K.L.:
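Here it is, the structure in full.
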Amino acid sequence: MKRLLKWLAGTLLGIVLLLVVAVLLLNTSMVQGRLVEEAVGALKEKLQTEVKVGRFQVRLIGQDIRLEDVEIEDLQHRKMFILKELGVELDLRRLLDREIRITDAKVKGLEAHLYKDSTDTVANYQFFIDAFKKKHNKKAQEVKKDTVKKHKINIDFDKVKLEDIKVTYNKESASLGGLFIRKDKNEMLSGEVHDLASSWVQKTKKGLVDTRLHIGTIRLSNQDGQHLLNIGGIRYITDNGKPRKNAGKPKRGFFDVGHLDLLAEMDVNVLYTGKDSLVAEITRFQAQDSISGIDVREIKAHIEANKQVAHIKQFSVSLPNTTLKIDEATLQLPSKKQGRKLAYKTSLITGSVLLKDISRVFAPVLKNFTEPLYLQTTLTGNDEGMQFSNVKVQTKQKDLTINAKGYISGLKDKYKLRVHFDVNRMTAQGGSKERIISHFPVKKFMMKQLHNLGTIGYIGTFDVLWKREQFAGLLITKPGNINFSFALNENTKYVEGTVRADSFELGQAMDMPDMKKVACQASFKFDISKPRTAIMRRKVGGKLPMGEVYAEVNDAKYKLIHVRNTVVTIKSNGAVAEGDVNIRGKRLDVLCSFSFTNTNEMQKMKIKPKLKFHGLLGGSKKKSDPEAPKVSDAELKAARIAQRAEERVARNAEREVLKAQREEERAARKAEKEAAKAARQAERDARDAARRAEKEARKAAKEAAKAAQQQDE
């Protein structure tokens with residue numbers, strides 16, 4: 001028994017001594033160097049490429065691993081992977097509890113250079129994946145699954161530090177200056193990221209766009225059990241290598257997605273995070289673009305989101321002089337896999353808008369518009385378009401009010417883009433018309449006549465299409481009501497349209513007391529091309545609009561003259577407007593030509609009356625103006641034919657205008673129906689998504705409560 005005990009004691013002592021010697025030998029540089037050589041040789045043989053390891057150190061007593069100067073080449077002998085330093089400290093005692101606890105981990109100087117020239121070529125890193133790809137064996141996998149379930153090992157960490165990380169993929173690159181994350185005793189994360197940068201090339205319909213993103217700092221801290229996230233120094237830059245869209249076009253806004261230089265920063269309070277859900281508050285967001293002039297002073301919002309839907313509450317956005325607020329909004333998140341499209345719906349949007357804030361970005365013509373407008377509306381839509389309802393706009397004095405509804409369709413294709421609004425009622429009182437127009441740096445024609453119209457009401461529609469704007473409706477004024485339709489064509493650079501009045505006090509509007517009520521209809525066309533009008537201005541000067549008007553007066557009174565069936569034509573070259581009046585009769589037409597150079601002095605216009613005889617038969621003669629020229633029957637017949645031809649052309653032109661109007665109205669009604677249908681569908685989708693999200697949220701809450709109860713038990 002003594003011999004047996006001595007033998008057992010000696011054996012155990014020998015084993016302990018062997019382990020001690022093994023540990024000591026393993027901690028020596030000679031043994032570790034030999035192990036590294038063997039490992040590198042095996043790795044070279046497996047990868048069939050060059051592998052280098054400068055230093056490998058394992059300290060079992062200190063429970064840490066060090067790896068330095070690692071290089072792996074791809075099959076073309078290019079350096080694919082470079083690592084300067086890797087250090088990991090472990091708590092080996094946790095292995096007894098089937099847990100790998102990394103107390104401290106550090107990675108420094110990591111570089112990865114990855115290439116894949118085209119879809120037909122193999123990536124330079126594919127050989128590495130293939131070398132370590134496990135062979136598929138169903139039985140082995142089933143056995144392994146069972147083993148993993150029974151002997152699952154958890155991996156956790158206390159501190160992680162990354163420095164000088166760079167990854168390139170073809171022409172795209174990403175880099176990280178530094179990252180530090182740690183957990184406290186309550187398993188709460190905190191840390192900091194600095195100098196996170198990436199650059200890539202966007203492929204757009206208009207070509208390639210070089211894009212860069214840099215984030216200065218990301219700080220994560222904890223306060224009262226909540227995660228506070230601060231992101232500073234965000235810079236987003238794009239450059240498509242082409243001139244900006246507004247280059248040489250002063251009336252065009254500076255916004256161009258191909259030329260952005262955006263600086264931003266934000267604070268986020270993360271209230272709750274789950275597997276598929278998030279509750280957070282954006283407490284501060286600011287963004288400025290030095291090129292386009294975007295200046296967002298503040299955004300705040302409360303967000304509750306999962307994979308399907310996001311609920312946004314207490315949303316507000318502020319520009320230098322503009323503030324908009326939304327109490328509640330629902331956003332259905334898109335998913336190609338689940339066939340779900342983007343859709344959204346808001347409660348009432350309210351706020352004060354100063355159009356000057358968006359002038360540099362979208363419309364320089366608004367740069368002097370310093371009068372605040374108070375706005376409210378509700379919004380629904382999807383990625384194809386949006387629907388506005390309950391639109392109300394008014395000035396601070398409430399002397400300009402607008403009630404409307406509308407939609408925007410074709411958002412994905414600018415050539416199909418359509419902005420349509422139905423103005424249920426617009427009222428411009430007192431001097432609001434002149435005050436609003438004074439904000440625009442445009443030539444102000446006929447301002448006196450505009451003032452004479454008094455309070456103006458408007459009911460109608462307007463559309464904005466690709467390089468075309470069109471307006472139609474009823475103007476309600478003090479002198480009378482006017483039905484109108486006109487379009488501004490950016491392609492041809494003409495404004496044209498029609499007007500009709502059944503009873504309009506033209507003299508009151510034009511400051512001509514001798515002119516009484518007029519019932520008429522007219523068509524007009526004016527030139528708004530700067531190059532064309534500039535050439536004409538140099539030739540003849542003047543300040544009048546350039547264009548022509550054709551009018552048919554059904555009934556009019558001027559002084560003691562009462563006329564019907566009168567045709568008026570006016571042509572203006574910019575300096576002088578010349579017109580003709582033709583009052584038709586059975587045997588006699590009363591003609592009158594006139595001209596003027598200033599719309600504010602219409603009473604001073606020059607008028608020249610004439611007489612025109614027609615319908616003379618056989619030898620019947622009538623007295624005429626002794627100064628009137630003698631005309632033959634053949635000349636009279638030719639004149640009548642020419643006159644009928646002119647009338648026919650005028651009627652055809654009018655019919656074409658009316659036909660075009662009807663077609664546009666039909667297209668507008670059709671588009672409105674389609675937009676309304678799309679909006680209703682989007683609203684239904686949003687409601688369904690909201691119900692599903694609410695159901696899932698209740699389910700998640702129950703599961704969380706159940707888990708908490710089980711944890712407490």
Side-chain angles (χ1 to χ4, degrees), residues 202-207 209 238 240 242 244-247 249 251-260 292-294 324 331-332 334 341-346 349 353 355 357-366 375 377-389 391 393 402 404-423 460-473 485-497 528 660-661 663-683 685:
Q202 294 186 64
K203 293 182 179 179
T204 67
K205 292 181 179 179
K206 293 189 175 181
V209 180
T238 63
N240 60 10
K242 300 176 182 178
R244 291 198 311 269
K245 286 184 177 180
N246 68 321
K249 299 177 181 178
K251 290 187 177 181
R252 188 165 190 168
F254 279 74
F255 181 75
D256 184 353
V257 292
H259 294 275
L260 293 175
S292 68
I294 292 173
L324 293 176
L331 179 67
Q332 178 180 279
K341 293 185 177 181
L342 174 70
Y344 46 87
K345 179 184 179 182
T346 72
I349 303 171
V353 178
L355 297 179
D357 285 348
I358 62 170
S359 62
R360 177 180 171 86
V361 186
F362 300 111
V365 71
L366 301 174
L375 166 73
T377 184
T378 55
L379 175 65
T380 59
N382 51 34
D383 55 353
E384 295 285 348
M386 52 185 67
Q387 185 92 11
F388 301 90
S389 56
V391 180
V393 181
I402 301 172
K405 63 178 181 178
Y407 64 84
I408 300 176
S409 61
L411 287 176
K412 291 186 176 181
D413 187 347
K414 69 177 184 180
Y415 298 105
K416 295 180 180 178
L417 180 68
R418 185 186 190 98
V419 180
H420 174 85
F421 273 86
D422 295 304
V423 181
T461 64
F462 73 83
D463 293 90
V464 179
L465 308 169
W466 168 246
K467 290 194 174 182
R468 182 178 173 87
E469 296 85 41
Q470 53 194 38
F471 302 81
S485 173
F486 74 89
L488 190 156
N489 194 320
E490 294 288 350
N491 288 307
T492 61
K493 298 296 182 182
Y494 281 103
V495 175
E496 53 189 319
I528 57 171
Q661 276 184 326
E663 289 177 353
E664 289 175 356
E665 289 171 359
R666 280 197 296 271
R669 287 194 296 271
K670 184 178 178 181
E672 184 178 0
K673 287 179 182 177
E674 290 176 353
K677 183 179 178 182
R680 288 194 296 271
Q681 183 62 42
E683 189 174 350
D685 292 342

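It should be emphasised that the depicted structure is a prediction, and the values quoted were computed from it without experimental measurement. In this chain, numbering begins with 1 at the start of the sequence shown.
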K.L.:
Hey, mind stepping through F255 and L260 against side-chain contact (heavy atoms from CB on, under 4.5 Å) and telling me if it holds?
P.N.:
CA-CA 8 Å; F255 181 75; L260 293 175; 4.3 Å; yes

K.L.:
Hey, is the main chain of I349 close enough, under 3.5 Å, to the side chain of T377 for a donor-acceptor pair?
P.N.:
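Judged by distance alone, no pair lies under 3.5 Å.
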
K.L.:
Which heavy-atom pair separates S292 from R360 by the least distance, and what is that distance?
P.N.:
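It is O-CG, 3.4 Å.
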
K.L.:
Just wondering, do E469 and F462 contact through their side chains at under 4.5 Å, heavy atoms?
P.N.:
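A side-chain contact under 4.5 Å is absent here.
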
K.L.:
Any chance you could measure F388, atom CZ, to T378, atom OG1, to the nearest 0.5 Å?
P.N.:
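One gets 9.5 Å once the value is rounded to the nearest 0.5 Å.
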
K.L.:
Taking atom CD of Q332 and atom NZ of K341, what is their separation to the nearest 0.5 Å?
P.N.:
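NZ of K341 is found 10.5 Å from CD of Q332.
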
K.L.:
Quick check: does any side chain N or O of H259 sit under 3.5 Å from a backbone N or O of K242, one acting as donor and the other as acceptor?
P.N.:
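Side chain of H259 to backbone of K242, a donor-acceptor pair under 3.5 Å: yes, one is there.
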
K.L.:
Test side-chain contact (heavy atoms from CB on, under 4.5 Å) on Q681 and N382 and set out the steps.
P.N.:
CA-CA 9 Å; Q681 183 62 42; N382 51 34; over 6 Å; no

K.L.:
Could you state the interatomic distance from OH (Y407) to CZ (F421), rounded to the nearest 0.5 Å?
P.N.:
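That separation rounds to 10.5 Å.
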
K.L.:
Heavy atoms only: give me the nearest S359-L366 pair and the separation to one decimal.
P.N.:
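Result for this residue pair: CB-C, 3.6 Å.
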
K.L.:
How long is the span from the CZ atom in R244 to the CG atom in N246, to the nearest 0.5 Å?
P.N.:
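Rounded to the nearest 0.5 Å, the CZ-CG separation comes to 5.0 Å.
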
K.L.:
List the atom of L411, the atom of D383, and the distance in Å for their closest heavy-atom pair.
P.N.:
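Heavy atoms only, the tightest pair is CB-O, 4.0 Å.
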
K.L.:
Between CG of L342 and CG of L331, what distance do you get to the nearest 0.5 Å?
P.N.:
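Separation between the atoms: 5.5 Å.
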
K.L.:
Heavy atoms, side chains only, cut-off 4.5 Å: are L375 and L324 in contact?
P.N.:
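A side-chain contact under 4.5 Å exists here.
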
K.L.:
Could I get the full list of salt bridge (Lys or Arg N to Asp or Glu O under 4.0 Å) partners for K677, not counting sequence neighbours?
P.N.:
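K677: no salt bridge (Lys or Arg N to Asp or Glu O under 4.0 Å) contacts found.
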
K.L.:
Start with the C-alpha gap between L417 and I408, add the side-chain angles, then the distance that decides, and say whether side-chain contact (heavy atoms from CB on, under 4.5 Å) holds.
P.N.:
CA-CA 7 Å; L417 180 68; I408 300 176; 3.8 Å; yes

K.L.:
Counting N and O atoms only, with roles assigned by atom type, does the side chain of S409 sit under 3.5 Å from a partner on the main chain of G385, one being a donor and the other an acceptor?
P.N.:
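Checked: no pair found.
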
K.L.:
Which atom pair, heavy atoms only, marks the closest approach of N489 to R468?
P.N.:
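Answer, listing the atom of N489 first, then R468: ND2-NH1, 3.6 Å.
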
K.L.:
Of all the heavy-atom pairs spanning V391 and K405, show the shortest one and how long it is.
P.N.:
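Distance-wise, the nearest heavy atoms are CG2-CA, 4.3 Å.
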
K.L.:
Looking only at heavy atoms, which two atoms of G253 and P364 are closest? And how far apart?
P.N.:
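The pair with the smallest heavy-atom distance is N-CD, 3.7 Å.
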
K.L.:
Going by the rule salt bridge (Lys or Arg N to Asp or Glu O under 4.0 Å), which residues pair with E496 if we only count those two or more places apart in sequence or in a different chain?
P.N.:
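Not a single residue meets the salt bridge (Lys or Arg N to Asp or Glu O under 4.0 Å) criterion with E496.
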
K.L.:
Within the distance-only criterion (no hydrogens, no angle test), does the side chain of D256 pair as donor or acceptor with the backbone N or O of K245 below 3.5 angstrom?
P.N.:
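Yes, D256 side chain to K245 backbone: donor-acceptor pair under 3.5 Å.
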
K.L.:
When rounded to the nearest 0.5 angstrom, what is the spacing between CD1 in I294 and CG in D357?
P.N.:
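Rounded to the nearest 0.5 Å, the CD1-CG separation comes out at 12.5 Å.
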
